[in-house]
Amino acid sequence: MTDTSDTRPAEDEARAPRPSRLHRLMRFIPLIAPVLLWSVPCWVLLYGGQHWPAAVTAAGTALFVLGLVGMPISMVRGHGRRQQDRLAIVGDTLLGTSWVLFTWSVLLGVLLRLALTVAGVGDGQGRARLVTWAVLGISAVLLAWGYTEARRVPRVRRLDVQLPRLGTGLDGLRVALITDTHYGPLDRARWSERVCETVNTLEADVVCHTGDIADGTAERRRAQALPLGTVRATRARVYVTGNHEYYSEAQGWVDLMDELGWEPLRNRHLLLERGGDTLVVAGVDDVTAESSGLAGHRAHLDGALSGADPDLPVLLLAHQPKFIDRAAAAGIDLQLSGHTHGGQIWPFHYLVRIDQPAVAGLSRHGARTLLYTSRGTGFWGPPFRVFAPSEITLLVLRSPRADA
């Protein structure tokens, strides 16, 4: 592996992209989301014609009010300046629980009640109570299953990716991808060890981490991140920053990954040579880097490719899939990204899709550019994954000329 690029950001970098529709909408979400997430299930489960005894209604309402008040307070104190991990866990759990309750209250509150009415099952009160028990039952099952999915070591997802410009000497190159480990308030040091052990069984030539290592500073989450130093690759271990690094002293994470033996690809590239053929492995800072105000941090594709032969195939690491527009315009062969978590808790992926061109899997953009979006290795915030399983990815690069 040869380092050929200039590590200094160019002075003529492109200006930061304008905020997307989702980003503009998110300015108002903290104000209205908690009210909707708790008030809608409260109404559907308690006041939708069930006629529960007064004590049941009062107790249920008190629980919803406690959730409505407790969730934002816990999250602010847990993820704000105080960084109180126990409160962060409480707030994150309440957020995931309220989202699942909200989703199934809306779906079953409309669809199941309509189906029961059309089928002539029971009277109004009976149908309302059936909806309540169905929402509570399905939510409990999904939360229990989602917690198990979030906490387990991800399954390995394997796929072959054909790159038309890849030389035959690089056919079969094994690229392992982990991303969005999000070490955080829940101590997952042992989980981190097991993830790294799984990656080592893949015998990869290149191992990539495409950002969002943790929620918190490198000093605070160091113990959970240390197992990354045990990851093995025959050629290189490479890393790029994600947006969450810029919430918690990104340079500290760059320095720690360098200390652990990973190569931070901050707007630069390396050359991987095998069998007489060469692959450019490039990386860029996250697209939020420039707005972070951290000196020298910004996404700069031209800088990442500076000095590289334009006829060589390029593997690009960029945390967010939305960078694919710039990658396709530059003729990149394959971009690896994370960020989306596959939505993490269904049906949140519909909102993610507003902001990102892809949520999970392999997609084509432009004339020759492929994008692989990982659902992520860990989880952010709520310790649940519902219909969006985590993954460790093994991509085997294929040359179309190898068979010939």
Side-chain angles (χ1 to χ4, degrees), residues 149-161 163 173-184 188 191-192 194-196 198-202 204-215 225 228 231 233 237-245 257 262 265 281-287 315-324 327 332-346 348-349 352-353 355-365 369-381 384-397:
E149 281 288 297
R151 297 282 286 175
R152 69 169 174 79
V153 175
R155 301 177 185 90
V156 176
R157 184 179 186 188
R158 295 175 169 85
L159 70 157
D160 287 0
V161 180
L163 302 181
L173 189 79
R174 299 165 69 85
V175 179
L177 171 62
I178 58 176
T179 184
D180 300 276
T181 42
H182 282 287
Y183 303 125
R188 287 180 287 154
W191 175 87
S192 180
R194 295 172 63 196
V195 166
C196 295
T198 301
V199 171
N200 287 339
T201 66
L202 303 179
D205 299 295
V206 181
V207 180
C208 310
H209 194 307
T210 53
D212 280 8
I213 298 176
D215 297 303
L228 292 173
V231 169
R237 296 177 294 172
V238 289
Y239 156 72
V240 293
T241 56
N243 57 304
H244 278 251
E245 276 85 331
M257 291 297 276
W262 291 70
L265 293 181
V281 181
V284 292
D285 291 341
D286 184 63
V287 294
L315 170 65
L316 175 70
L317 276 60
H319 177 66
Q320 298 195 41
K322 67 170 62 175
F323 198 80
I324 194 63
I332 298 299
D333 297 83
L334 174 62
Q335 175 179 315
L336 302 183
S337 299
H339 185 68
T340 68
H341 300 203
Q344 188 163 318
I345 304 178
W346 186 90
F348 196 77
H349 66 285
V352 175
R353 192 64 179 82
D355 187 50
Q356 300 291 337
V359 176
L362 192 66
S363 54
R364 180 175 292 278
H365 303 263
T369 303
L370 295 176
L371 165 67
Y372 185 81
T373 306
S374 168
R375 290 187 299 255
T377 309
F379 60 86
W380 171 84
F384 307 107
R385 274 189 171 270
V386 178
F387 304 135
S390 56
E391 65 178 80
I392 296 168
T393 318
L394 179 64
L395 302 102
V396 180
L397 305 188

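By convention here, the first residue in the shown sequence is residue 1.
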Next item on the list: Check whether any side-chain heavy atom of Val207 sits under 4.5 Å from a side-chain heavy atom of Trp262, and report yes or no.
Entry: yes

Next item on the list: Look at atom CZ of Arg152 and say whether more than 12 heavy atoms of other residues, nucleotides or ligands are closer to it than 6.0 Å.
Entry: yes

Next item on the list: Starting at OG of Ser390, measure out to CZ of Arg151 and round the result to the nearest 0.5 Å.
Entry: 12.0 Å

Notebook entry, point to check: Quick one: side chain to side chain contact (heavy atoms under 4.5 Å, CB included) partners of Asp215, sequence neighbours excluded?
Noted result: His182, His244, Trp380

Margin query: What I'd like to find out is whether the side chain of Leu395 reaches to under 4.5 Å of the side chain of Leu159, using heavy atoms alone.
Written below: yes

Check: Taking only residues two or more places apart in sequence, or in another chain, which ones meet Thr377 in a side-chain hydrogen bond (donor to acceptor under 3.5 Å, both in side chains)?
Finding: none

Check: Under 4.5 Å between any side-chain heavy atoms of Thr340 and Pro321, yes or no?
Finding: yes

Item checked: Nearest heavy atoms of Leu371 and Ser337, plus distance in Å -> CD1-OG, 3.7 Å

Note to self: side-chain contact (heavy atoms from CB on, under 4.5 Å), that's the test. Do Leu336 and Val175 meet it? Break it down for me.
What the structure shows: CA-CA 10 Å; Leu336 302 183; Val175 179; 4.0 Å; yes

Checklist line | Minimum-distance pair of heavy atoms, taken over all atoms of Ile178 and Val199 | finding: CG2-CG2, 3.8 Å

Item checked: Polar side-chain atom of Asn243 near backbone of Asp212 as donor-acceptor pair, under 3.5 Å -> no

Notebook entry, point to check: Is a side-chain donor or acceptor of Asp180 paired with a backbone partner of Gly378 at a separation under 3.5 angstrom?
Noted result: no

Notebook entry, point to check: Do Leu228 and Tyr239 come within less than 4.5 Å of each other through their side chains, counting heavy atoms only?
Noted result: no

Margin query: Going by side-chain hydrogen bond (donor to acceptor under 3.5 Å, both in side chains), name the residues that satisfy it together with Ser192, two or more places apart in sequence or in a different chain.
Written below: Tyr183

Next item on the list: Quick one: list whatever passes side chain to side chain contact (heavy atoms under 4.5 Å, CB included) with Ala388, sequence neighbours left out.
Entry: Arg385

Checklist line | Residues that Thr181 engages under side-chain hydrogen bond (donor to acceptor under 3.5 Å, both in side chains), provided they are two or more places apart | finding: His209

Item checked: Thr201: side-chain hydrogen bond (donor to acceptor under 3.5 Å, both in side chains) partners, not counting sequence neighbours -> none

Checklist line | Leu334 CG to Thr369 OG1 distance, which is reported to the nearest 0.5 Å | finding: 9.0 Å

Margin query: I need the Leu316 CG to Ile332 CD1 distance, nearest 0.5 Å.
Written below: 5.0 Å

Checklist line | Residues which pass salt bridge (Lys or Arg N to Asp or Glu O under 4.0 Å) with Arg155, listed by chain and number, not counting sequence neighbours | finding: Glu149

Checklist line | Heavy-atom side-chain proximity of Gln320 to Asp286 below 4.5 angstrom | finding: yes

Note to self: Looking at Thr210 and Ala318, would you say the former's side chain and the latter's main chain have a donor-acceptor pair under 3.5 Å?
What the structure shows: no

Margin query: For Ile392 and Leu202: C-alpha separation, side-chain torsions, deciding distance, then whether side-chain contact (heavy atoms from CB on, under 4.5 Å) applies.
Written below: CA-CA 10 Å; Ile392 296 168; Leu202 303 179; 4.0 Å; yes

Note to self: Quick check for you: to the nearest 0.5 Å, what is the distance between Asp285 atom CG and Phe323 atom CZ?
What the structure shows: 9.5 Å

Checklist line | Residues that Arg353 engages under side chain to side chain contact (heavy atoms under 4.5 Å, CB included), provided they are two or more places apart | finding: Val359

Note to self: Working to the nearest 0.5 angstrom, can you tell me the gap between Leu394 CG and Arg157 CZ?
What the structure shows: 12.0 Å

Next item on the list: With sequence neighbours left out, write down each residue that passes salt bridge (Lys or Arg N to Asp or Glu O under 4.0 Å) with Arg375, or none if nothing qualifies.
Entry: Glu391

Margin query: Set out, in order, the CA-CA distance, both residues' side-chain angles and the distance that settles side-chain contact (heavy atoms from CB on, under 4.5 Å) for Val396 and Arg158, then state yes or no.
Written below: CA-CA 8 Å; Val396 180; Arg158 295 175 169 85; over 6 Å; no

Notebook entry, point to check: What's the verdict on side-chain contact (heavy atoms from CB on, under 4.5 Å) for Val287 and Lys322, showing C-alpha distance, side-chain angles and the deciding distance?
Noted result: CA-CA 9 Å; Val287 294; Lys322 67 170 62 175; 4.2 Å; yes

Checklist line | Gap separating the CG atom of Leu177 from the OG1 atom of Thr373, nearest 0.5 angstrom | finding: 9.5 Å

